[in-house]
Amino acid sequence: MSFQLMVDGGVDLPQGFADKFNVKTIPLNIHFSDGVYKAGVDLTTEQFYEKLGDTDDLAKTSAPSPNDFYEAFKSVDPNTPILLLSLSKNISATYQNAVIGRDMLLEEDADRQIEIVNTTSASCGMALLLNEVIKLKMKQFEFQDIVNQTRQNAERTVTLFSLRTVENLIKGGRLDRFRGAIAKTLNIKLLMRASEEGEIEVTEKIRGEKKALRRLVDQIGEYTKSLEGKTIVMSQSRCESKAKQIMDQIRDRYHQDEEYIVEMGPLIANYAGEGGLVISFLRDDQ
């Protein structure tokens with residue numbers, strides 16, 4: 001069965017991926033002092049970094065409105081099922097607004113088939129799940145089977161973060177200035193992950209970026225013995241060369257079948273800052 005794939009702007013996709021697989025994106029809003037922009041529509045990632053460099057404050061982000069989702073759903077042929085992969089509901093109102101937008105349309109047309117999956121992730125974690133959906137779709141799995149498998153995959157998705165700087169976390173109020181000053185003085189690097197509930201939590205504090213990146217690669221082994229037959233997706237914030245080096249190390253050690261390195265979008269880059277890395281993969285079945 002044919003169906004329409006959708007994602008919200010919390011995802012970071014490989015270049016050309018959305019066009020190739022007919023994936024519709026409902027963008028997030030980025031708020032600067034001179035106005036509100038829709039990420040990827042009237043604000044490129046490069047423009048985002050330029051504007052971020054011109055201010056001492058972080059940009060603010062907001063979810064698409066329920067009406068944004070309603071209009072996106074309504075634009076799809078009524079006979080075509082829709083599968084939307086949503087940013088973790090514990091870090092954004094995006095999922096809730098998507099559900100409201102769907103319900104608005106169902107009040108008009110109760111026969112519409114719209115499934116919304118809370119990915120409990122963001123950035124490359126969402127890209128990983130989307131890629132898994134596409135593989136199932138190409139194998140001609142039934143729509144509801146794909147939805148069910150995607151919900152299971154969301155529970156197995158591991159998303160790990162490595163931050164080169166804590167500056168943006170301090171600006172955004174995610175780390176108080178006293179602890180942030182100590183971290184900067186001692187060259188402390190943060191390793192983080194998306195929890196099972198989809199919240200971002202600090203897992204380790206390590207002195208020195210080289211040690212932190214080695215530990216990031218080590219952490220993969222705590223969730224899977226091997227990536228053979230699996231896909232890993234990495235998003236990078238203006239550090240493509242470093243990302244490629246880390247991906248080489250991961251490949252040598254875990255032997256992934258498929259890999260993508262994507263540019264980090266405004267949502268995560270706003271806090272990760274330049275030099276940040278995020279990796280996502282499916283853990284072994286428990």
- Sole residue of I232, T231, L128 in side chain to side chain contact (heavy atoms under 4.5 Å, CB included) with Y260: T231

- Under the side-chain contact (heavy atoms from CB on, under 4.5 Å) rule, what do E132 and L282 come out as? Steps first, then yes or no, please. CA-CA 10 Å; E132 295 298 315; L282 296 180; 4.2 Å; yes

- Using salt bridge (charged side-chain N to carboxylate O under 4.0 Å, His left out) as the criterion, list what pairs up with E258, not counting sequence neighbours. K135

- Task: Using distance alone, with no hydrogens and no angle criterion, decide if H31 and S62 have a side-chain donor and acceptor under 3.5 Å apart.
- Result: yes

- Message: Tell me the closest heavy-atom pair linking V262 and L13, and the distance in Å.
- Response: CG1-C, 3.6 Å

- Item | Derivation and outcome, salt bridge (charged side-chain N to carboxylate O under 4.0 Å, His left out), residues K137 and E142 | CA-CA 8 Å; K137 187 176 183 181; E142 291 295 322; over 6 Å; no

- Item | Heavy-atom side-chain contact between F143 and S2 under 4.5 Å | no

- Query: Excluding sequence neighbours, so at least two apart, what forms side-chain contact (heavy atoms from CB on, under 4.5 Å) with D248?
  - Reply: R251

- Query: Name the one of E50, E46, E263 that satisfies salt bridge (charged side-chain N to carboxylate O under 4.0 Å, His left out) with R238?
  - Reply: E46

- Message: For a 4.5 angstrom cut-off between non-hydrogen side-chain atoms, does Q4 reach V23?
- Response: no

- Checking N131 side chain against A127 main chain: does a donor-acceptor pair fall under 3.5 Å? no

- Message: Just to verify, what does A39 make a side-chain contact (heavy atoms from CB on, under 4.5 Å) with, not counting sequence neighbours?
- Response: I30, P266

- Heavy atoms of Q256 and M247 approach each other most closely as NE2-SD, 3.5 Å

- Query: Can you name the residues that form a salt bridge (charged side-chain N to carboxylate O under 4.0 Å, His left out) with K244, not counting sequence neighbours?
  - Reply: E240

- Is there side-chain contact between L130 and M126, with at least one heavy-atom pair below 4.5 Å? no

- Task: Check whether more than 12 heavy atoms from other residues, nucleotides or ligands sit under 6.0 Å from atom NZ of K24, and answer yes or no.
- Result: no

- Message: If you define the side chain from C-beta out and look only at heavy atoms, does anything of M234 sit under 4.5 Å from L277?
- Response: yes

- Message: Taking salt bridge (charged side-chain N to carboxylate O under 4.0 Å, His left out) as the definition, give me every residue that meets it alongside D145, ordered by chain and number, with sequence neighbours left out.
- Response: none

- For P27 and V41, the nearest pair of non-hydrogen atoms, with its separation, is CG-CG2, 3.8 Å

- State, yes or no, whether a side-chain contact exists between T45 and M264 at a heavy-atom distance under 4.5 Å. no

- Item | All side-chain contact (heavy atoms from CB on, under 4.5 Å) counterparts of T224, not counting sequence neighbours | I220, L227, K230, F281, D284

- Which pairs with one or both residues in residues 5-22 pass salt bridge (Lys or Arg N to Asp or Glu O under 4.0 Å), sequence neighbours excluded? none

- Item | Pairs involving residues 115-129, ordered by first then second residue, that meet salt bridge (Lys or Arg N to Asp or Glu O under 4.0 Å) (sequence neighbours left out) | E115-R151

- Would you tell me whether T159 and S280 have side-chain atoms, one donor and one acceptor, within less than 3.5 Å of each other? yes

- Among all residues two or more places apart in sequence or in another chain, which pass the side-chain hydrogen bond (donor to acceptor under 3.5 Å, both in side chains) test with Q15? none

- Message: Applying side-chain hydrogen bond (donor to acceptor under 3.5 Å, both in side chains) to D68 and S65, what does each step give before you reach the verdict?
- Response: CA-CA 5 Å; D68 289 335; S65 69; 3.3 Å; yes

- Query: Side chains of S235 and S123: is there a donor and an acceptor less than 3.5 Å apart?
  - Reply: yes

- Can we say E222 and R215 salt-bridge, meaning some charged N sits less than 4.0 Å from an Asp/Glu carboxylate O? yes

- Task: Measure the shortest side-chain to side-chain distance between T120 and T157 over non-hydrogen atoms and say whether it is less than 4.5 angstrom.
- Result: no

- Could you walk me through whether N153 and Q149 pass the side-chain hydrogen bond (donor to acceptor under 3.5 Å, both in side chains) test, one step at a time? CA-CA 6 Å; N153 286 344; Q149 184 62 55; 3.1 Å; yes

- Check Y49 against S237 and note the closest heavy-atom contact, atom names and distance. OH-OG, 2.5 Å

- Going by distance alone, is a donor N or O of one side chain under 3.5 Å from an acceptor N or O of the other, for T119 and S121? no

- Query: V217 versus R253: any side-chain heavy-atom pair under 4.5 Å?
  - Reply: yes

- Query: What residues join V76 in its hydrophobic cluster, counting side-chain heavy atom gaps under 4.5 Å, either direct or through other members?
  - Reply: M6, I26, F69, Y70, F73, I82, L84, Y95, V99, I100, M104, L105, I114, I116

- Item | salt bridge (Lys or Arg N to Asp or Glu O under 4.0 Å) partners of residues 90-111, not counting sequence neighbours, each pair once | K74-E108

- Note on the structure: Residues passing the side-chain hydrogen bond (donor to acceptor under 3.5 Å, both in side chains) test with N79, sequence neighbours excluded, are none

